[in-house]
**Student:** 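Sending over a structure as structure tokens; questions will come in a sec.
Residues take their numbers from the sequence shown, with the count starting at 1. These numbers were taken from a predicted model, which means no experiment stands behind them.
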Amino acid sequence: GDAAFAGQGVVYETMGMSELPDYTTKGTVHIVANNQIGFTTDPRYSRSSPYCTDVGRVVNAPIFHVNADDPEAVMLIANIAAEWRATWHRDVVIDLVGYRKFGHNEIDEPMFTQPIMYSIIKKHPNVLEIYSNKLIKEGVATKEEVEGVVDKYDRICEEAFKKAAEETQIFNKHWLDSPWSGFFEGKDPLKVADTGVHEETLTHIGRRFAQGPPNAPDFKIHRAMERILKARNEMVDNRQIDWAMAEAFAFGSLLKEGVHVRLSGQDVERGTFSHRHHVLHHQTRDKSTYKPLANLYPDQAPYSVCNSSLSEYGVLGFELGYSMTNPNALVLWEGQFGDFANTAQCIIDQFIASGQSKWVRQSGLVMLLPHGMEGMGPEHSSARPERFLQMCSDDPEYFPPEDEEFAIQQLININMIVANCSNPANYFHILRRQIALPFRKPLIVMTPKSLLRHPECRSSFDDLLPGTEFKRMILESGPAAVNPANVQKVLFCTGKVYYDLIKERKERGLDEQIAIHTIE
């Protein structure tokens, strides 16, 4: 609509992505249904520019203003626009200038606010009438032929309406997109594939992740980056992983299995906290880069890691769409900080939280939200996990029966998964589980900040091998677990605070008296 195209900021965000290498669709035809009114607001109050389509000028898109009462002109412009897009792979805008015949909805009275405009519209013949008279006048068609076409169309609609009344059942699979055909067939809906990985695979990925491009001795790596690569190698030697390595293992193992991985968001290539470094940059040659995870195996799936524009709403919407086209891809969007998700709240509320119930669409999109009250003030501290928990469809009044399928059944019934992992191994498993599930659910992960480099926040290779899995809750495994009779207090916590608590417990000599479990 004209008011939305001029007024909604996401239109500019989307336009701004049109020429970005990792986000371009190679041209989009934007069609604006311009009815010269925004609910009850006149154009002079709803935009500052002469035309509602002026936002298209920021990318130099051609803009065609066409009279919607002239079907032949509309067809001509539509063909030109399609040809432009096919030839130049660039955006093009069609401003379809028409009018709204009645009010904004069935009970709306437009004469309250636009009396002059609607007194003119009431007398104005509709487009079918105008075009029919033109064709009859020019001798292209007779009155009977026109009436025949109208009657035929009416019959088609009437028959479809009657047929719709005969349908007694709705099948969700009829609403899923075509690339999903075959995805649900032959799968046990209650079985999750193993998320563990063989040690040889982990070692291979770790070694590749810890080096620059092979056979390119002149590729100059930053000195600090060389230290990071050395530390990665040492982790493999010690069979230990930190957060960044867990993520690389999850991505790399999925790529080996033929699963496309796409990580998108602001500064994701390096990571907001300089922990990821998935793209190495030649220090003396511009535009010379190397992606270790894209070069693990000759027959691996593609790995896309892309710094986005400084947009949340537009980019998260793009990645949601990306995740819905192919269930066999791990698509992740990372907020620069967790609270940056608030400017994409529209996508979360309208499409992610309610995607399956409202739109009959599944999505395995992962949202990574850096979270942690690190004493840096109110901004960029909390990813507001309580907001996401509030949007979960778990019924607090209903406790599902405890049987073997308890965990998977809960995932089937829920609208999305919210996690705050306490250690790298659990993060590794929950990422791989997104693909191992026999269905797709959005995953919201509160990712750490200080824990990225915390010496205690490490996992052993043993926790990643076949037979291991994501733990919904991690139980105390220290002295308090050895002698449960001595335990005086049990604490439940989640994420970073666990490490603060074990430090304090140790300093006070309470390792045997206090048990600490983490809810993941």
**Student:** Given 3.5 Å as the limit, does a donor-acceptor pair link the side chain of His371 with the main chain of Met446, or not?
**Tutor:** no
**Student:** Do side-chain atoms of Asn415 reach the backbone of Ser393 as a donor and acceptor pair under 3.5 angstrom?
**Tutor:** yes
**Student:** Can you sort out the partners of Asp349 under side-chain hydrogen bond (donor to acceptor under 3.5 Å, both in side chains), two or more places apart, ordered by chain and number?
**Tutor:** Gln345
**Student:** Out of Thr53, Val93, Val92, Asp95, which residue meets the side chain to side chain contact (heavy atoms under 4.5 Å, CB included) rule with Phe64?
**Tutor:** Val92
**Student:** Please report the C-alpha distance between Val97 and Asn67 in whole Å, then the side-chain angles of each, then the deciding distance to 0.1 Å, and finally whether the side-chain contact (heavy atoms from CB on, under 4.5 Å) criterion is met.
**Tutor:** CA-CA 5 Å; Val97 185; Asn67 180 2; 5.8 Å; no
**Student:** Just by distance, no angles: are the side chains of Thr289 and His281 close enough, under 3.5 Å, to form a donor-acceptor pair?
**Tutor:** no
**Student:** Would Leu368 and Glu247 count as a side-chain contact (heavy atoms from CB on, under 4.5 Å) here? Give the steps.
**Tutor:** CA-CA 11 Å; Leu368 304 177; Glu247 185 179 76; 4.0 Å; yes
**Student:** Do any N or O atoms from the side chain of Thr28 and from the backbone of His30 form a donor-acceptor pair under 3.5 angstrom?
**Tutor:** no
**Student:** Might you point out which heavy atoms bring Gly338 and Leu369 nearest each other, and give the distance in Å?
**Tutor:** CA-CB, 3.7 Å
**Student:** Would a 4.5 Å heavy-atom cut-off, applied to side chains only, mark Ile348 and Phe388 as touching?
**Tutor:** yes
**Student:** Under 6.0 Å from the CE atom of Met75, do we count more than 12 heavy atoms belonging to anything else shown?
**Tutor:** no
**Student:** Could you name each residue pair satisfying salt bridge (charged side-chain N to carboxylate O under 4.0 Å, His left out) that touches residues 76-91, not counting sequence neighbours?
**Tutor:** Glu19-Arg90
**Student:** If you count every heavy atom of other residues, nucleotides or ligands that lies below 6.0 Å from Asn215 atom CG, does the total exceed 12?
**Tutor:** no
**Student:** Kindly compute the distance separating CG (Leu280) from CZ (Phe219), expressed to the nearest 0.5 Å.
**Tutor:** 5.5 Å
**Student:** Which of parallel (below 30°), tilted (30 to 60°) and perpendicular (above 60°) describes Trp84 and Trp88?
**Tutor:** tilted
**Student:** Under a 3.5 Å distance rule, please check whether Glu257 uses its side chain to pair with a backbone N or O of Val259 as donor and acceptor.
**Tutor:** no
**Student:** Is the closest side-chain donor-acceptor distance between Tyr303 and His278 under 3.5 Å?
**Tutor:** yes
**Student:** Could you check whether the rings of Tyr427 and Trp243 sit parallel, tilted or perpendicular, using 30° and 60° as the cut-offs?
**Tutor:** parallel
**Student:** List the residues meeting side-chain hydrogen bond (donor to acceptor under 3.5 Å, both in side chains) with Thr168, not counting sequence neighbours, and say none if there are none.
**Tutor:** none
**Student:** Testing the basics here: between Cys52 and Asn34, what is the closest heavy-atom pair and its distance to 0.1 Å?
**Tutor:** SG-ND2, 3.6 Å
**Student:** Do Lys441 and Gln434 have side-chain atoms, one donor and one acceptor, less than 3.5 Å apart?
**Tutor:** no
**Student:** Decide whether a cation-pi geometry holds between Lys163 and Phe161; the criteria are a distance under 6.0 Å from NZ or CZ to the six-membered ring centre and an angle within 45° of the ring axis.
**Tutor:** no
**Student:** Within the distance-only criterion (no hydrogens, no angle test), does the side chain of Asn295 pair as donor or acceptor with the backbone N or O of Lys291 below 3.5 angstrom?
**Tutor:** yes
**Student:** Going by distance alone, is a donor N or O of one side chain under 3.5 Å from an acceptor N or O of the other, for Ser264 and Tyr322?
**Tutor:** no
**Student:** I'd like to know if the side chain of Arg361 reaches the main chain of Gln356, judged simply by a donor and an acceptor atom lying under 3.5 Å from each other, with no hydrogens or angles considered.
**Tutor:** no
**Student:** To the nearest 0.5 Å, tell me how far Ser274 OG sits from Ile228 CD1.
**Tutor:** 5.5 Å
**Student:** What heavy-atom pair brings Gln350 and Trp359 nearest, and what distance separates the two atoms?
**Tutor:** O-NE1, 2.8 Å
**Student:** Would the number of heavy atoms belonging to other residues, nucleotides or ligands and lying under 6.0 Å from CZ of Phe340 be above 12?
**Tutor:** yes
**Student:** Can you name the nearest heavy-atom pair linking Ile130 to Pro125, along with the distance?
**Tutor:** CD1-O, 3.5 Å
**Student:** Just by distance, no angles: are the side chains of Asp218 and His282 close enough, under 3.5 Å, to form a donor-acceptor pair?
**Tutor:** no
**Student:** Take a 6.0 Å sphere around OH of Tyr290 and say whether it holds more than 12 heavy atoms from other residues, nucleotides or ligands.
**Tutor:** yes
**Student:** Quick check on the 6.0 Å ring-centre criterion: do His204 and Tyr297 meet it?
**Tutor:** yes
**Student:** Applying side-chain contact (heavy atoms from CB on, under 4.5 Å) to Asp339 and Ser382, what does each step give before you reach the verdict?
**Tutor:** CA-CA 6 Å; Asp339 59 344; Ser382 175; over 6 Å; no
**Student:** Got a second to check how far Met367's CE is from Ile444's CD1, nearest 0.5 Å?
**Tutor:** 5.0 Å
**Student:** Give a yes or no on whether the backbone of Leu320 and the side-chain of Trp333 come within a donor-acceptor separation of less than 3.5 Å.
**Tutor:** no
**Student:** Between Phe184 and Phe439, does the ring centre distance come in under 6.0 Å?
**Tutor:** no
**Student:** Does the side chain of Gln266 come under 3.5 Å of the side chain of Glu334 through a donor N or O and an acceptor N or O?
**Tutor:** no
**Student:** Under a plain distance cut-off of 3.5 Å, with no hydrogens placed, do Ser354 and Ser357 share a side-chain donor-acceptor pair?
**Tutor:** no
**Student:** Looking at every heavy atom in both Ser309 and Met17, which two are closest together, and how far apart are they?
**Tutor:** OG-CG, 4.1 Å
**Student:** Quick one: does any side-chain atom of Ser132 pair with a main-chain N or O of Leu128 as donor and acceptor, under 3.5 Å?
**Tutor:** yes
**Student:** Between His104 and Phe39, how do the two ring planes meet: parallel, tilted or perpendicular, split at 30° and 60°?
**Tutor:** parallel
**Student:** Atom CZ in Arg100, atom CD1 in Ile121: separation rounded to 0.5 Å?
**Tutor:** 7.5 Å
**Student:** Should we say atom NZ of Lys134 is surrounded by more than 12 heavy atoms from elsewhere, each under 6.0 Å from it?
**Tutor:** yes
**Student:** Return yes if a side-chain donor-acceptor contact under 3.5 Å exists between Ser46 and Thr41, otherwise no.
**Tutor:** no
**Student:** Can you tell me how far CD of Glu158 sits from CG of Asp151, rounded to the nearest 0.5 angstrom?
**Tutor:** 12.5 Å
**Student:** Start with the C-alpha gap between Ser381 and Glu374, add the side-chain angles, then the distance that decides, and say whether side-chain contact (heavy atoms from CB on, under 4.5 Å) holds.
**Tutor:** CA-CA 7 Å; Ser381 291; Glu374 315 281 10; over 6 Å; no
**Student:** Rounded to the nearest 0.5 Å, what's the gap from CD on Glu269 to CG on Asn307? Could you check?
**Tutor:** 3.5 Å
**Student:** What residue among Leu330, Ile430, Leu437 forms side chain to side chain contact (heavy atoms under 4.5 Å, CB included) with Leu443?
**Tutor:** Ile430
**Student:** Quick check: closest heavy atoms across His277 and Phe209, and the distance to 0.1 Å?
**Tutor:** O-CE1, 4.4 Å
**Student:** Give a yes or no on this: more than 12 heavy atoms of other residues, nucleotides or ligands lie within 6.0 Å of atom NZ of Lys101.
**Tutor:** yes
**Student:** Return the orientation label for the Phe337 and His380 ring planes: parallel under 30°, perpendicular over 60°, tilted otherwise.
**Tutor:** parallel
**Student:** Before accepting this row, confirm whether a basic side-chain N of the pair Lys162/Glu166 lies closer than 4.0 Å to the acidic partner's carboxylate O.
**Tutor:** no
**Student:** Does the side chain of His260 come under 3.5 Å of the side chain of Ser304 through a donor N or O and an acceptor N or O?
**Tutor:** yes
**Student:** In terms of heavy-atom contacts, does NZ of Lys358 have more than 12 from other residues, nucleotides or ligands at under 6.0 Å?
**Tutor:** yes
**Student:** Under 3.5 Å, is there a donor-acceptor pair linking the side chains of Asp267 and Gln336?
**Tutor:** yes
**Student:** Should the pair Arg262 and Tyr23 be classed as cation-pi, given the thresholds of under 6.0 Å to the six-membered ring centre and 45° from the axis?
**Tutor:** yes
